[in-house]
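All remarks here apply to the structure that follows.
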Amino acid sequence: MREPFITLTTTVIPMELENVDTDQIIPARFLKATTREGFGDNLFRDWRYDGDGNPRPGFILNDPARRGEVLAAGKNFGCGSSREHAAWAIRDAGFRAVVSSHFADIFRNNALNNGLLPVQVPAGCLTRLFAILRERPDAPVTIDLERQRLRFEGEEQHFEISPYKKECLLKGYDDIDYLLGIREKIEEYEKQRTI
Amino acid sequence: MNTLFDKIWDAHVVETLPGGASVLYIDRHYIHEVTSPQAFEGLQQRGVEVFRPGQVTATPDHNIPTTRQHLPASDPLSREQLTALARNCARHGISIFKVGTPRHGIVHVTGPESGLTRPGMTIVCGDSHTSTHGAFGCVAFGIGTSEVEMVLASQCILQSKPGVMRVRVEGELPAGACSKDIILHVISRLGTGGGTGYFIEFAGSTIRALSMEARMTICNMSIEMGARGGMIAPDETTLAYLEGRPFAPRGVEWERAAERWRALRGDPGGRFDAEVTFRAAGIEPMITYGTNPGTAIPVGGVIPPDAERRALEYMGFHAGEPMIGKKIDHVFVGSCTNGRLEDLRAFAAVVKGRRKSPRVTAWIVPGSKEVERRAIEEGVRDTLAAAGFELRQPGCSACLAMNEDKIPPGKYCVATSNRNFEGRQGPGARTLLAGPLVAAAAAITGEIRDPREFM
């Protein structure tokens, strides 16, 4: 059981970049742990810190005015490597959802399997969200998973999620609980399989 | 009217959930040291055993050194991951291709060459380049660690069925162009998100004429355009490659399997959700200038005016500049993309009788022990040595720089691997993706050159 996701009202950290790949989210040299914890410290490591470990002042996560549990980023977020460490790092750093106009497939699954909600919205909606956040860094958004809505400043945007995954997130269940429950059915399948 | 993808997928559906997600049965599960420890930890916390250990094969590859492999990895964290993999496999009865043994190699090289990857299978691995195995007419795709845990626990995975896109390449490939150039060309046209939501079937006369190793390079990089995976229908080339491999069926079993595999094809008129055709005649040796694999241009081309500014700043390039003549510092030949015997042969053919440029540090890394063995046997290693190149030991190496093989900050590396993201080959490293021929021309001159000059 993990913490259910029902609704969330929070501020947003905007990252106005496209094709943010998992090598940026968590560089390969930090993938050497054998547990799932602690990856948040190295989230966006090489964008956040210089070679000596000093914070880079221009990077959005280092801006003290920016706080929030939602990350918003340009299209094709999470492309590249399948490393689930990317989803763990974002979650570990305190984010509960990512808003983008497009997610890479494997990242989307990894996020959903870790209680991190990928909210995919039309490009125009994302552009408006970015514009508002440029003006008012503390503008809040609300994500209502039950009703599949993202709300901010008078705008209400529907987003898609598979009914099964939605149920899992609302209740804090995961796929393994389900698959373990149908092992007999899997054994039946194996009897007729030819390979 | 089903596509080959539909047929294989549908034959593996155990059940369909409300909303359409499939419980998909997995025939073969490859694991490695980086994305599996947390999955085993999860199983232990749940008190669950591995459901079908006989269908799981492990290979340590991401972290390992590529010299002096008889010694333990020097980094204690890498060593701990490698130890954890060995321990988890021993505890659960999973076979492992240990470092230094004849079957060891990069998971996507050793799986096919050992005959474990076979047509019609569903294959997963906690690595995005699992798409490589699609070259055998498999539905093969990369997964995350939670999904690795799912498959260990149940031999199944929950997945939504993607759409199917057909990418056809037609005609004769010009001399000097190779399969890496085909896929870089395709990605440069379709974009890094061009395949998102799709599984790609590669088809057409150009693809049919390719060897299995060349087909693997194509399928390998389908993930770089966002596709879930890529596949090529099996044919006589596929069967000839598989026959006699250590784990391939033998005798009557082989005959039966071969008959089944010959019948594995999409229906004529099968419906694709998207379709695009390329002419091979226009494909030239390619190289990337930017920080994603969609930024490839012909090696003789100039950086386009609309190139992303951020990427050019990182690379230290300017729009309008030609690629030819740019100085480079490193050359990396290897990875699951281009670390096979044909790649080493192609590289060796260009450097034969020439010398490595003194300004270049070159790492030539075979994809597996088998590739290494054959490179030694047929004299490729000697050719390389005579030109000043050392053949290292197999592993993922500088493709993702998890081991010691890192490109220093600011340095340029022509790499035959699959990703040129910022910092991919080490913090600040600047990667130019290309095929083994372009890499060879760079290695002997210390700059970007057209390999056709040397052929």
Side-chain angles (χ1 to χ4, degrees), chain A residues 17-19 21-24 27-29 31-36 45-47 51 75-76 79-88 102-107 109-114 161-167 174-183 185-190 193-195, chain B residues 14-15 17-21 23 25 27 34-35 37-38 41-42 46 48 51 62-63 75 77-78 80-81 84 118 120-121 126-128 130 142-147 149-150 153-156 158-160 162 192-193 196-197 226 228 260 292 310 400-402 409 419 421-424 427-428:
Chain A
L17 290 172
E18 296 180 351
N19 297 312
D21 61 79
T22 54
D23 275 273
Q24 308 317 316
R29 63 187 189 281
L31 307 184
K32 296 187 182 184
T34 51
T35 61
R36 292 174 197 241
R45 174 75 198 200
D46 294 332
W47 285 353
K75 73 173 182 202
N76 206 20
C79 60
S81 152
S82 66
R83 61 190 70 163
E84 192 162 317
H85 312 66
W88 297 336
H102 196 96
F103 291 95
D105 282 337
I106 304 180
F107 178 82
N109 283 349
N110 287 341
L112 287 166
N113 285 332
N114 286 279
I161 181 170
S162 95
Y164 168 80
K165 283 294 181 190
K166 178 176 171 179
E167 191 72 5
D174 69 23
D175 290 357
I176 299 176
D177 298 330
Y178 181 81
L179 290 168
L180 288 173
I182 61 160
R183 269 194 176 182
K185 202 162 179 180
I186 296 168
E187 283 169 353
E188 279 304 308
Y189 170 86
E190 284 178 324
R193 164 180 101 102
T194 52
I195 192 70
Chain B
V14 174
E15 69 170 33
L17 299 184
V23 173
Y25 189 85
D27 295 314
V34 177
T35 58
Q38 292 88 350
E41 185 198 25
R46 290 170 200 262
V48 171
F51 187 53
H62 280 59
N63 256 314
D75 177 358
L77 292 173
S78 296
E80 171 49 26
Q81 274 194 337
R118 302 198 283 264
M121 283 183 158
D127 188 280
S128 58
T130 307
I143 59 176
T145 298
S146 294
E147 294 170 320
E149 187 180 339
M150 271 175 223
S154 68
Q155 207 55 38
C156 287
L158 270 158
Q159 292 284 298
S160 304
T192 49
T196 308
R228 206 74 182 81
R260 219 167 48 236
N292 72 58
R310 184 189 167 90
L400 82 169
M402 272 194 86
R419 291 190 176 129
F421 298 149
E422 286 181 31
R424 170 79 178 180

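To find a chain, count down the sequence lines: A is the first, B the second, and so on, and within it residues start at 1. Note that this is a predicted model, so its numbers are computed, not measured.
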Working to the nearest 0.5 Å, report the span between [atom1] of [X] and [atom2] of [Y].
X        : Y        : atom1 : atom2 : value
A:Glu190 : B:Cys156 : CD    : SG    : 7.5 Å
A:Arg193 : B:Tyr25  : CZ    : OH    : 4.0 Å
A:Asp23  : B:Asn292 : CG    : CG    : 12.5 Å
A:Leu179 : B:Met150 : CG    : CE    : 6.5 Å
A:Asp175 : B:Leu158 : CG    : CG    : 4.5 Å

Against chain A, label [X] side chain, backbone, both or neither, depending on which of its atoms sit under 4.5 Å from a heavy atom there.
X        : value
B:Arg424 : both
B:Leu17  : side chain
B:Val23  : side chain
B:Ala21  : neither

Between chain B and each of [options], count heavy-atom pairs under 4.5 Å; write down the option with the most.
options                              : answer
A:Asn109, A:Thr22, A:Leu17, A:Leu180 : A:Asn109
A:Gly51, A:Ala104, A:Ala28, A:Ala87  : A:Ala28
A:Asp21, A:Leu31, A:Asn76, A:Asn110  : A:Asp21

[X] and [Y]: which non-hydrogen atoms are nearest, and at how many Å?
X        : Y        : answer
A:Arg83  : B:Leu400 : NH2-CD1, 4.3 Å
B:Ala153 : A:Ile176 : CB-CG2, 4.2 Å
B:Phe51  : A:Ile186 : CE2-CG2, 3.7 Å

- prompt: Given that the side chain runs from C-beta out, which part of A:Glu188 has a heavy atom under 4.5 Å from chain B: side chain, backbone, both or neither?
  reply: neither

statement: Applying a strict 4.5 Å limit to non-hydrogen atoms, the region of A:Tyr178 in contact with chain B is side chain

Looking at [options], which one has more heavy-atom pairs under 4.5 Å with chain A than the rest?
options                      : answer
B:Gln159, B:Glu41, B:Arg419  : B:Arg419
B:Gly144, B:Gly19, B:Gly20   : B:Gly144
B:Gly197, B:Gly428, B:Gly226 : B:Gly197

query: Around A:Lys165, counting heavy atoms of other residues, nucleotides and ligands shown, do more than 12 lie under 6.0 Å from its NZ?
result: yes

- line: By side-chain contact (heavy atoms from CB on, under 4.5 Å), A:Ala33 pairs with (sequence neighbours left out) A:Phe39

query: With sequence neighbours left out, what residues match B:Ser146 under side-chain contact (heavy atoms from CB on, under 4.5 Å)?
result: A:Arg36, A:Glu84, A:Asn113, A:Asn114

N-O pairing of A:Asp174 and B:Arg46 below 4.0 Å: yes

Is the closest side-chain heavy-atom distance between [X] and [Y] below 4.5 Å?
X        : Y        : value
B:Thr192 : A:Cys79  : no
B:Pro427 : A:Arg29  : yes
B:Glu422 : A:Asp46  : no
A:Ser82  : B:Glu147 : no
A:Lys32  : B:Glu80  : no

